[in-house]
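Below is one structure, written out as structure tokens; comments come after it.
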Amino acid sequence: MSIKRELSDPITIRLPMDVLSEIEDVARTCERSRSWVIVRALKSYLAGEGREVLELARARQAVDAGDVHDLDEVLEEVEAITKGAAA
């Protein structure tokens, strides 16, 4: 059962020839299209490094907005909690 996804208008990109060659090798080996390989690669990037970029941007925004905690205070709280749990 194939799920139909809404697709964007076509986009044009220029790739280094060595990258294109690798994409074509993978596509041929998997018997898939170049688009399929590129979409999988982009999803992988977005799930890893792309997510990190967005998380860092949100963290910077939180710091700029003053939504921060003093490390010494946090460590004191952790110490108090762990001492209480040990008792």
Co-membership, hydrophobic cluster, residues Tyr45 and Val39, 4.5 Å side-chain: no

Heavy-atom donor-acceptor pair, Ser44 side chain to Arg40 backbone, under 3.5 Å: no

Linked, directly or transitively: Ile23 and Leu46 (ILVMFWY side chains, under 4.5 Å): no

Audit row: Leu20, Arg34, side chain to side chain contact (heavy atoms under 4.5 Å, CB included) steps and yes/no: CA-CA 9 Å; Leu20 178 58; Arg34 294 185 307 185; 3.8 Å; yes

Donor-acceptor under 3.5 Å (Ser21 side chain, Met17 main chain): no

Ion pair check, Arg28 and Glu24, cut-off under 4.0 Å: no

Neighbour count above 12 (heavy atom, 6.0 Å) for Glu22 CD: no

Tabulate below the donor-acceptor pairs under 3.5 Å that side-chain atoms of residues 52-68 make, not counting sequence neighbours, or state none.
none

Cluster overlap Ile13 with Leu42, hydrophobic side-chain contacts below 4.5 Å: yes

